[in-house]
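Beneath this line is the structure, given in structure tokens, with notes to follow.
Within every chain, numbering begins at 1; the chains are lettered A, B, ... in the order of the sequence lines, protein sequences first and strands thereafter.
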Amino acid sequence: MNYEISLLTTMAISVMFALSLNLITGFCGQISLGHAAFQGVGAYAAALLAKAGWPFLATLPVSMLLAGALGVIVGLASLRVRADFLAITTMGVVFLFVGVVRQQDVLGGELGISGIPDHGLGKAGFMVVALLACAAVAALSVYIKRTWMGRVFNGIAEDEDTMRVLSIDVPRYKLAAFALGTALAGLSGAFYAYHLQFIGADNFGFVESITVLSMVVFGGIGSVPGVVIAAALLSVLPAWFQVIGDYKLLVYGGLLFLMMRFSPGGMAALARRFFNPVTPQGGRT
Amino acid sequence: MLFVELIAQGLVQGSIYALIALGLTLVYGLLRILHVAHAALFTLGAYVGVLACNASGSLTVAFVCAALVAGLAGVTMYRLAYQPLLAQPPFVALIASIGLFIAAEEAFRIVFGAQGLSFSDPPLQGQVTLGSALQFKQAEIMVMVGTAVIIGVLAWLQTRTRVGVACQATVSDPQMAESFGISLRQVRDINFFVGSALAGFAGVWVALLNNLVEPTMGSVPSYKALAIIVLGGLGSIPGTLAASLVLGVVEAFGTIYLGQLLDRNAIAFAFLIAVLMIRPQGLFARR
């Protein structure tokens, strides 16, 4: 039972993390190759505060705030560079994060931070809180999608210049997307730190950023249910893949490639095609 | 003296970066795809080079084999993976490329083993002393000279031959080029072949310098080369060249003077971000 509880908690954290990236990349169309850095900020903040004696729930808002603050800074960069340049800049952010954390003794350096205090909720209790937080993030995503802000995000993703012509304050909305998305990533990071009770810089590197991006893309960029299912699946895949052990990454990379090659809209597009086979396919323009 | 030594080290590293990044620029200029899997061809070239050298005993054979195999693999990759995705938004090809790269790294590990391979009789390991105290490996000198020669030949081909001019025309305006009778398909094949062959070449050089090839040797170049082409202004060949050398030197100095604060990758990316904030279009953009 312990194993299942741990697996479900991992799943909830991954889904939260993927949904937070979906806000930036899926809704607002700003590609990020460095999202793990923000989860890292949240995790490190929670870990340090926990060691200083703060209670679990009190660390959550601080983690979100710090991650969101860094997110706004990177968001400011996104105002200056676009598309491919932004992708590479965000990739730089994650390398900077790892590089800085590794060299700071306060942050545990190469060894990371171990012995993070218990959350005091019990394993099952923690799982429930994680699942609730995850559901809240999903609900927030669905809600945002329906608001005016969500529509503006969609417009920016589709055609930024047109939105400017419509006299919409594009920079402000982009910053909002970054602030929200990165704060939620910080939230998932706090859960991550409490769940594993050990964190190191390498838990929040480039590979992790790519993994979470692949969850979003795999699910269908912008689709909340798609991303939830994809993140849940891909986060437990390694555990189920013990059978093929050695070939795990080969299968993972292969799946990612095949999905993009044959269904660039991800699982959401596959499902749409399955349920409405007659409707013409979009995206092939 | 340390100053000169660091510059020299930086230039050696920069030459390797240049060979890898040039191929990437060729691809980017043509297709606007961030081709992460380029680094897989670099690793492939290194493996082929070591195997060929160990089998034949000749470094020339190793280079020819590595360039040919990497080049052909690159064209195959383009045909199977990228061509069908050209109409999609750019991140689709990017994710596909990342998937391809992850799978390729694993495939190398499964086929060739995790420990890596090395030359049974490593060539060009002698020391050369330049000036009073500058010490180089023969291989390091060859890397710099080799890169300079390759780039010279490439520049000549680009500006003085029909095919090269066709490539340039396609980069600047594909539709116009096509209406003048240039086969886009052919130009793309050629660019992928040449770019990938350069990556294969670079793979052999790195194998020579470290006397080791590993399945994961492509992971650092995969993102470093992306940073370089962005620094060089995406798609500009002279820009890429300059950015490679500059980054090599910045890293060499950075690891000495900022090593306490940041590691090598972080220095490279801190430099990149700083440049992009001042010049969002890259150091040497044409537009």
Report the C-alpha separation of Leu231(B) and Ile88(A) in whole Å, then their side-chain angles, then the decisive distance to 0.1 Å, and conclude whether the side-chain contact (heavy atoms from CB on, under 4.5 Å) test is met. CA-CA 10 Å; Leu231(B) 205 55; Ile88(A) 305 299; over 6 Å; no
For the pair Met91(A) and Leu226(B), evaluate side-chain contact (heavy atoms from CB on, under 4.5 Å) and give the outcome as yes or no after the intermediate values. CA-CA 10 Å; Met91(A) 182 167 114; Leu226(B) 288 179; 4.2 Å; yes
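For chain B, the nearby part of Ile221(A) is the side chain; its heavy atoms alone come within less than 4.5 Å. In this structure, no portion of Val94(A) lies under 4.5 Å from any heavy atom of chain B. The part of Leu34(B) that comes within reach of chain A is its side chain, from C-beta onward, which places non-hydrogen atoms under 4.5 angstrom from that chain. With a threshold of 4.5 angstrom between heavy atoms, Phe97(A) does not approach chain B through any atom at all. Neither the backbone nor the side chain of Ile229(B) comes within contact range of chain A; no heavy atom of the residue lies under 4.5 Å from a heavy atom of that chain. Contacts of Leu80(B) with chain A are made by backbone atoms alone, with heavy-atom separations under 4.5 Å and no side-chain atom involved. In this structure, chain B has heavy atoms under 4.5 Å from both the backbone and the side chain of Val100(A).
Across Gly99(A) and Ala266(B), no two heavy atoms sit closer than the pair CA-CB, 3.7 Å. Minimum interatomic distance between Asp263(B) and Arg102(A) (heavy atoms only, all atoms of both residues): OD2-NH1, 3.1 Å. In terms of heavy-atom proximity, Gly254(A) sits nearest to Ala103(B) at N-CB, 3.9 Å.
Within 6.0 Å of CE on Met176(B) lie no more than 12 heavy atoms contributed by other residues, nucleotides or ligands. Within a 6.0 Å sphere centred on CZ of Arg164(A), heavy atoms belonging to other residues, nucleotides or ligands number more than 12.
Between Arg80(A) and Leu276(B), every side-chain heavy-atom pair lies at or beyond the 4.5 Å cut-off.
The structure places CD1 of Ile210(A) at 10.5 Å from CZ of Phe101(B), a figure rounded to the nearest 0.5 Å. Here CD1 of Ile98(B) is found 6.0 Å from CG of Leu33(A). Values are rounded to the nearest 0.5 Å. Here the OG1 atom belonging to Thr89(A) is positioned 6.5 Å from the CD1 atom belonging to Ile273(B), to the nearest 0.5 angstrom. Interatomic distance, Ile95(B) CD1 to Ile31(A) CD1, rounded to the nearest 0.5 Å: 6.0 Å. The distance from atom CG of Leu250(A) to atom CD1 of Ile110(B), rounded to the nearest 0.5 Å, is 5.0 Å.
Ring orientation note: the planes of Phe269(B) and Phe95(A) are close to parallel, at an angle under 30° on the 30°/60° scale.
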